[in-house]
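In what follows, a structure is listed as C-alpha cells, so that the remarks can point back to it.
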Amino acid sequence: MAANQAGRTRRRLSTQERREQLLAVGARLFSESPYDDVWIEQVAEIAGVSRGLLYHYFPTKRDFFAAVVERESERMLRMTAAVPGVPVREQLADGLDTFLGYVREHAHGYRAFHRADAAGDQAVRRVYQRALAAQERQILAALAADPEFGPAFEEPHLGPLLERPPRTPRRA
C-alpha cells in the first residue's frame, strides 16, 4: 500500500471496485449539489485518485453523470422490486414511499437527472428512458402476477403493455 499526499493509505482496487467507488462518490456529490457545482477534481480527490484515472473510467463529466444516474436507477429498481406473496396494493404503496424517500434524500441528484433529460442531453436521456421503462415493466409485471389484478392483463388490450418498447418522452 502506498501513502498519498494527505498521508492516507491507499490500497489497490480491482477495476470493478474502483469504478464502484467513483460512482458512490459521484452519487453522494450529485445528491448534495447541482450538476454544475460538482467538479471532477473534487470526485478524484475524495476517491484518492488522479483526475486522469477518473477520466480513464469516464471520458467526460456527462459520461460520469450518466453512469451515476444509471447506477442509482438500478438501485431504485432493486429497492422497489416486487416481493412474491405480498399484495400488489401494499407493494405499490411501499414502492412509492421508497421512491419519495429516495427523492427527498437525494434531491439535488434527482433534480440534476431530470434537468439533464429536459435539456436534451442524449446520454442521460437514454439512461432516463431505460430506467423509466424498466420501472414501468416492473410495476406491470407485479400487477400481472397479483391474483386481484392479473386477470385484467389477460385481456387483449392490456396484455401487450408488458412487452411494449420504452416510450420516447414528448417534448413541448
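When reading the values below, keep in mind they use all heavy atoms of this one structure, side chains included, and skip hydrogens, waters and symmetry mates.
- Counting heavy atoms from C-beta outward, L132 and Q135 have side chains that stay 4.5 Å or more apart.
- Residues satisfying the salt bridge (Lys or Arg N to Asp or Glu O under 4.0 Å) test with E74, not counting sequence neighbours, are none.
- Residues V86 make up the rest of the hydrophobic cluster containing V83, defined by ILVMFWY side-chain heavy atoms closer than 4.5 Å, directly or through other members.
- Connection of L96 to M76 is established within a shared hydrophobic cluster, with ILVMFWY side chains joined at heavy-atom distances below 4.5 Å, either directly or through further cluster members.
- The nearest pair of heavy atoms linking Q42 to D37 is OE1-O, 3.9 Å.
- In terms of heavy-atom proximity, L22 sits nearest to A47 at CD2-CB, 3.6 Å.
- Between F58 and L23 the shortest side-chain heavy-atom distance falls below 4.5 Å.
- Heavy atoms only, all atoms of each residue included: Q91 and A82 are closest at OE1-CA, 2.9 Å.
- In this structure, V38 is a member of the same hydrophobic cluster as L53, with clusters built from ILVMFWY side-chain heavy atoms closer than 4.5 Å.
- What you find for V127 and A66 is that their closest heavy atoms are CG2-O, 3.9 Å.
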Q.
Is there a side chain to side chain contact (heavy atoms under 4.5 Å, CB included) between T60 and F65? Walk through the geometry before answering.
A. CA-CA 9 Å; T60 68; F65 180 65; over 6 Å; no

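- H106 and S31 get closest at one heavy-atom pair: CD2-CB, 3.4 Å.
- Under the 30°/60° scheme for interplanar angles, the aromatic rings of F64 and F30 are found to be tilted.
- Side-chain N/O atoms of R18 and Q21 include a donor and acceptor closer than 3.5 Å.
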Q | Chi angles and distances behind the side chain to side chain contact (heavy atoms under 4.5 Å, CB included) call for V88, I139 | A | CA-CA 9 Å; V88 76; I139 291 168; over 6 Å; no

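- Here the shortest heavy-atom pairing between Y35 and K61 reads O-NZ, 2.8 Å.
- A donor and an acceptor atom, one from each side chain of E17 and S14, are located under 3.5 Å apart.
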Q: Go through the steps to decide whether R51 and E45 satisfy the test salt bridge (Lys or Arg N to Asp or Glu O under 4.0 Å), and finish with yes or no.
A: CA-CA 8 Å; R51 191 175 54 171; E45 182 179 329; over 6 Å; no

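- Atoms NE2 and CZ, from H56 and R19 in turn, are 11.0 Å apart once rounded to the nearest 0.5 Å.
- Atom CG of D63 sits about 11.5 Å away from atom CD of E70, to the nearest 0.5 Å.
- In this structure, the side chains of L29 and I46 come closer than 4.5 Å at one or more pairs of heavy atoms.
- L13 forms part of no hydrophobic cluster, judged by ILVMFWY side-chain heavy-atom separations under 4.5 Å.
- Here the side chains of Y102 and E72 are in contact, with some heavy-atom distance below 4.5 Å.
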